[in-house]
Amino acid sequence: MLRYVLLRTVGGLVTLLLISVLVFASTEVLPGNAASSILGREGTPEKVKLLKERLGLDRPAPVRYADWLEGAVRFDFGESLVQGTGLSGSGAVTGTPISEIVAPRLAKTAVLAAVTLAVLIPLSLLIGVATGLTRGSIGDGVTQVGLLVLISLPEFVLGAILVLLFGLVWAVLPAVSLGGSATELVLPVATIVGVCIAFTSRFIRSGVSEVASSDHVAMARMKGLPESRVIRKHILPNALGPALQSFALVTAYLAGGVVVVEYLFSYPGIGQGLVAAISGRDVPAIQAYTLLIAVVYVTANLVADLITIALNPRLRASYAH
Amino acid sequence: MVRDDEPGSALTRRQLVERAGAAGLVLGLPAGALTAIPSAFGARSTNGTLRSQLDWGPTSTIDPQGPATAANDVMRNSNVFERLLTADRSGKKLIGVLARSIEPNKGANVWTLTLRRGIEWQDGTPFTADDVVYSLKRIANNKAMEGHANLQMVKGTAIRKLSKYVVQVPLKYPYSDFPHQLADRMILMVKDGTTDFTKTLNGTGPFKYVSHNDREIVLEKNDNYWQPGLPKLNSIIGLNIPDPTAQLNALKSRRVDLVPLLSPSNAALVKRDSRLKTVLSEAGSWSPIVMDTSKPPFNNKDVRMAIRLIADRPAIRLAAQAGLGALGNDLFGRLDPLYASDLPQRKQDLERAQFLLRRAGALDQTFTLETGNVNQGAVEMCVALSQQAKKIGVKIVPKVNPSDSYWSAQYMKAPFFVSGFANRSLMQQYLLVMYPGAPYNETQWRNGRTNKLFAQAMRTVNTGKRRQLLHDVQEILWQEGGYLIWGFQANVAGALKTVKGLVPDANGPAMWYDWKTLSA
């Protein structure tokens, strides 16, 4: 078991390392000249030369990569090229440190993701278990149709509908989420939950209904155990494996997929930050955001794998040696 | 009435949701929804605070003399700091701000500024010639920052103080239009010796800087401001709302009082809402279609004229900017008093266009027009032109390029492409795009006659004589130039009806973010 955890963690780290190479290469090495692509219309040869010096582009790429990675580990991604630029007393151009731009946005996205999960997990468990146990009933049918409608709406459509109804027509909730206060979280959270709920609850539903029709559950019922105990002790633990996988996938989706939702509600998280960084050609910021999203993605999958194994005695045994 | 941002109530709501979330309950949603109801229906008491949507843009600067392009930077700069001179709301007349007057010598190469007395910096120290000398030198000597404030004609080392309130500015070459250069919105005065703008900002402007990050900016009233009775607002809060739909939602739900620059479709929607109002400003910024006069087929002036005659300008304006803004006559500098407004407005003349193209042997040619979503309406205007050309069988094919690489890959490389400029005076713009050494000579203009006339105008202080010289320049450009300038932009600001003092301003969106006379 311990050996597997170690192996899996090392695997995750190697994946991250490879991603970091890709991120660095695609943003700095591949397009030929980062400086002229950053400057665009302003790119006179003199200015390209000055910016190249500021970026340190004269040094070989592997050296720059090593420096960058070493900084990234310490959450130091260098200075922004376009945010908060000013002229220091010595005449050099300075920018806001990337960590100062990214950190508050990361916190905002973490809040959005945490609240979303806190709503999504109990809600999808509730729906998944209820429909899994009553599979084929009218209630199940109606719920499934509703969920399919939700899952077929892209987040910007669902979000726009929610804003229109709750933000403008009935005007009971803020239509934009600028500061991320509690009420401002409601609509973005509802949008993401709406998009994800069909996926997670259907995952749980099929797990539950499969387990519910298995022999050991039939045995437990025949023993005369109360239904609540059957669900808690015999169905849920076995159905939780696939459920956890689905929650891990949702968490990974949240890291990158909230971009659209954040933009729609003007929520000041990493999604909005990434959009701004790309349109400003702020290479260090793009690198930081992409790497952070990758970290969340890899970590979420790793944690889900480990929990799945920990929860399932058969898997636990097979990885024990 | 409970306000949405009241710290006490927000805390309670947050606690509620946090507890609900921690307990793993689904209560978070109804809890938040219920407590929101009173605030949403309450009439917001503003207490003299203006909340405005602002564009944060892809770039930002903390340096008041840095390359401020995003609205949040422009707003902060124009309210905390001040210029020596500025254009009035019509954009046509210069008025003194920190300077009382500006006088050239006979050769137009040494200018003398007389400053207003009795003005104080926000830290309480007096504003004097030393500050102006320091500020102008800092701008003139700055070569490191891209797109920063520009005084390229100033002899940086030779600026000097003549007395406590008089400054002499020698130029590298005669330049009769120097006051317009000084009135640029980036030529802001900073206090003598300031090198660090990261912690505090010390200006002479109507508002003091409180805080700023990439989501929100806060300014508060400067009680010691030198213009009596101003500013009228107690504070300004700027909020980062990039998406046009979210901007409209924020305005309609009264989350903001003002959206300085509405998209054309939003402008139409705001106009229909009885609680909101729009303010239209005819501006001087323009998005031309550019023909490179050094490359075939556009090295033939008949071809250039034919393309200009194909254009149905009102139809292009309708496609590109919802019919708003002034029509163009293939000349820039519309707001300049020396603009040749007497030249007849060019109209579509397909017959003549066909004749000219036939004479040039270019009737069957395919003209590839490089464009992209680089300016508002940049693609639409090309499509409209292409449709109009079809009527006489001329093939103009718009090619839509990715906007992020357009400026480095197509711009000024292809012979037929789109561009865009902010409002500038005639002479500033000519220096930028035509005079020898111009950094953006998009049309590859190498006309000895106009350059000679222009050089003469640069030396001519007398306005009447200068008008004649520049009129001759414009007449040649009107006949032979490489620009198709079909129109100038208009800006539409949207606001709650409670916002007072919002008037049209040709210089830029929402009174060019100079908000000392606004009240809310």
Side-chain angles (χ1 to χ4, degrees), chain A residues 36-37 39-44 46-47 50-51 82-89 91-93 96 101 104-105 114-115 118-119 121-123 126 160 163 166-168 171-176 178-179 181-183 185-186 189-190 263-266 268 272-273 275-282, chain B residues 4-5 10 13-14 16-17 20-22 24-26 28-29 31-33 35-37 39-41 56-63 65-67 138 142-148 195-198 213-216 239-243 245-246 249-250 252-253 255 404-408 411 439:
Chain A
S36 58
S37 112
L39 285 172
R41 189 180 187 177
E42 304 277 328
T44 56
E46 194 185 338
K47 285 173 181 170
L50 278 169
L51 185 64
V82 295
Q83 290 295 313
T85 51
L87 206 59
S88 71
V93 182
T96 312
I101 298 174
R105 289 189 173 274
V115 175
V119 175
I121 292 176
L123 195 62
L126 198 72
V163 168
F166 294 95
L168 299 176
V172 288
L173 288 166
V176 280
L178 306 171
S181 73
T183 47
L185 276 174
V186 176
V189 166
Y263 193 76
L264 186 69
F265 289 94
S266 294
Q272 199 193 59
V275 171
I278 291 171
S279 59
R281 301 190 186 89
D282 195 356
Chain B
D4 216 19
D5 56 335
R13 285 198 293 275
R14 185 165 298 150
L16 253 174
V17 171
L25 298 174
V26 199
L29 203 127
T35 45
I37 290 171
S39 65
F41 284 109
W56 252 245
T59 64
S60 78
T61 179
I62 47 161
D63 195 318
Q65 298 171 338
R138 188 168 183 270
N142 176 5
K143 292 194 174 50
M145 266 168 106
E146 303 86 21
H148 65 87
T195 54
D196 184 7
F197 297 95
T198 52
N213 54 38
D214 61 351
R215 302 172 302 280
E216 186 181 75
L239 297 160
N240 183 3
I241 312 177
D243 178 55
T245 312
N249 293 340
K252 279 179 165 261
S253 62
R255 183 70 174 83
D404 56 344
S405 57
Y406 175 80
W407 299 109
S408 52
Y411 174 70

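Order of the sequence lines sets the chain letters (A, B, ...), proteins ahead of strands, with each chain counted from 1. These values consider heavy atoms only, across backbone and side chains, with no hydrogens, waters or symmetry-generated copies. From a predicted model like this one, the values you see are computed outputs, not experimental measurements.
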Looking at side-chain heavy atoms only, is the closest gap between [X] and [Y] below 4.5 Å?
X	Y	result
B:P242	A:Q272	yes
B:S253	A:L168	yes
A:P104	B:R215	yes

Which atoms of B:I241 are under 4.5 Å from chain A, going by heavy atoms: the side chain, the backbone, both sets, or neither? both

Atom of A:L264, atom of B:A246 and distance for their closest heavy-atom approach: O-CB, 3.6 Å

I need the minimum non-hydrogen distance between A:S266 and B:D243, along with the two atoms involved. OG-N, 4.5 Å

Measuring from A:T96:OG1 to B:I62:CD1, what's the distance to the nearest 0.5 Å? 6.5 Å

